[in-house]
Amino acid sequence: MARVYNFSAGPAVLPEEVLREAAEEMLDYRGCGMSVMEMSHRSGVYDTIIKEAEADLRTLLKIPDHYKVLFLQGGASLLFASVPMNLMKNRKAGYILTGQWAKKAFAEAKIYGEAVELASSADKTFSYIPDCSDLPVTEDMDYVYICENNTIYGTKFHKLPDTKGKILVSDVSSCFLSEPVDISAYGMLYAGVQKNVGPAGTQIVIIREDLLTDDVLPGTPTMMKFKTHADNDSLYNTPPCYGIYICGKVFKWLLKNGGLEEMRKLNEKKAGILYDFLDTSRLFRGTVRKEDRSLMNVPFVTGSDETDAKFIKEASAAGFVNLKGHRTVGGMRASIYNAMPVEGVEKLVAFMKDFEDKI
Ligand SMILES: *Cc1c(COP(=O)(O)O)cnc(C)c1O
């Protein structure tokens, strides 16, 4: 069996230890004689799995008691609609446009009300985070929306915007659990777990309790009302059982490895190795303004499409896979999520140096 260094943006690398454990439990989960995929979500065994997952997540993120954790499905993209359906009481909200995912959320919100562009970095291909210290937020806006880590462009809000008292809604899909965060700064944050935490198909929402109401936009499906899932501890219907089980294992792996403080250190170390190289390389360069660089997604280019293609091909043959940039931006992108070992980044940089010397 040969495992590659997988730099995919998502679905992405998971801790090998977690995969091995899941494999061991595949046919017989702890003496049940069946796999987690085959058991009732109403069983006592499964109840322990989902409750432990939530408890461990609460420990990792120090989630205050007045925030609910929801395990949902439908893709992070479905939440682009659920957010306005549940929170756009005045039918007006402000959006900060820092890339494709923010733009998609913005377009979706326009179906339900007035979505206002508060700031944008579209003028420079989303290569930076716009100044958010004095946004044109108005009194009648229900919330301010951001995509906190821009998976495609490799930017990250290192400081949250001043929302002028309005609640902040944040898509944290590609930076979830990569470092400690202050949950109380948000009204709601959410993540599709396939970027940094688990298998595609599960989304995690963390939402302040007072935002959970029956007062949603007319026509909101029962399944898209956050309160439905909050009232039923994410067991209103069959949840993405297996995905939650794997997430639970990743939470335990994170706790065992020092929690989010330790993850931040490791992620800073890994990103540092790669950015330091990009800053001194004769061939490669990063595409993001330095102060806005993401710890998770690192886009870079050589300046020549031909050389980019050659690099991606040779890297792949050497066991460094999924380095091709997003189809809309080209170049390369190394996603270096929690489960990417330091050694993987060191070896990638050594390979890049070698490639540069030979060209
Ligand atoms: C991948 C991604 C999405 C979309 O996730 P789906 O689960 O495919 O809908 C949304 N936001 C961000 C930041 C992402 O990285």
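Atoms within each ligand, like the ligands themselves, are counted from 1 in listed order. The analysis underlying the following values was restricted to heavy atoms, covering all of them including side chains, and did not include hydrogens, waters or symmetry mates.
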>> Tell me the contacting part of A200 for ligand 1: side chain, backbone, both, or neither, using a 4.0 Å heavy-atom threshold, strictly below.
In response: neither
>> I need the full list of side-chain hydrogen bond (donor to acceptor under 3.5 Å, both in side chains) pairs touching residues 315-324, with sequence neighbours left out, sorted by first then second residue.
In response: N6-N322
> Which of these, N237, T238, L78, sits in a side chain to side chain contact (heavy atoms under 4.5 Å, CB included) with Q73?
Replying inline: N237
> Which protein heavy atom lies closest to atom 11 (N) of ligand 1, and at what distance to 0.1 Å?
Replying inline: D171 OD2, 2.6 Å
> Do NZ/NE/NH1/NH2 and the carboxylate oxygens of D140 and K92 come within less than 4.0 Å?
Replying inline: yes
>> Give me the residue, atom name and distance of the protein heavy atom closest to atom 8 (O) of ligand 1.
In response: Q194 NE2, 3.6 Å
> Quick one: nearest non-hydrogen protein atom to atom 5 (O) of ligand 1, plus distance?
Replying inline: A76 CB, 3.4 Å
> Is S173 near ligand 1, meaning one of its heavy atoms is under 4.0 Å from it?
Replying inline: yes
> Does the distance from a Lys or Arg side-chain N to an Asp or Glu carboxylate O, for D214 and K227, drop under 4.0 Å?
Replying inline: yes
> According to the side-chain hydrogen bond (donor to acceptor under 3.5 Å, both in side chains) rule, which pairs have a member within residues 149-166, sequence neighbours left out?
Replying inline: T98-N150, D134-K164, E139-K166, N149-S174, N149-S294, N149-N297, N150-T155, T151-S174, K156-E179
> With a 6.0 Å cut-off on ring centres, are F284 and F311 close enough?
Replying inline: yes
> What protein heavy atom is closest to atom 2 (C) of ligand 1, reported as residue, atom name and distance in Å?
Replying inline: K195 NZ, 2.4 Å
> Hey, is C147 one of the residues with a heavy atom under 4.0 angstrom from ligand 1?
Replying inline: yes
> Are the charged groups of R20 and E16 less than 4.0 angstrom apart, N to O?
Replying inline: yes
> Which residue owns the protein heavy atom closest to atom 9 (O) of ligand 1, what's the atom, and how far is it?
Replying inline: S77 OG, 2.6 Å
> Which ligand 1 atoms are under 4.0 Å away from a heavy-atom of G75?
Replying inline: 7 (O), 9 (O)
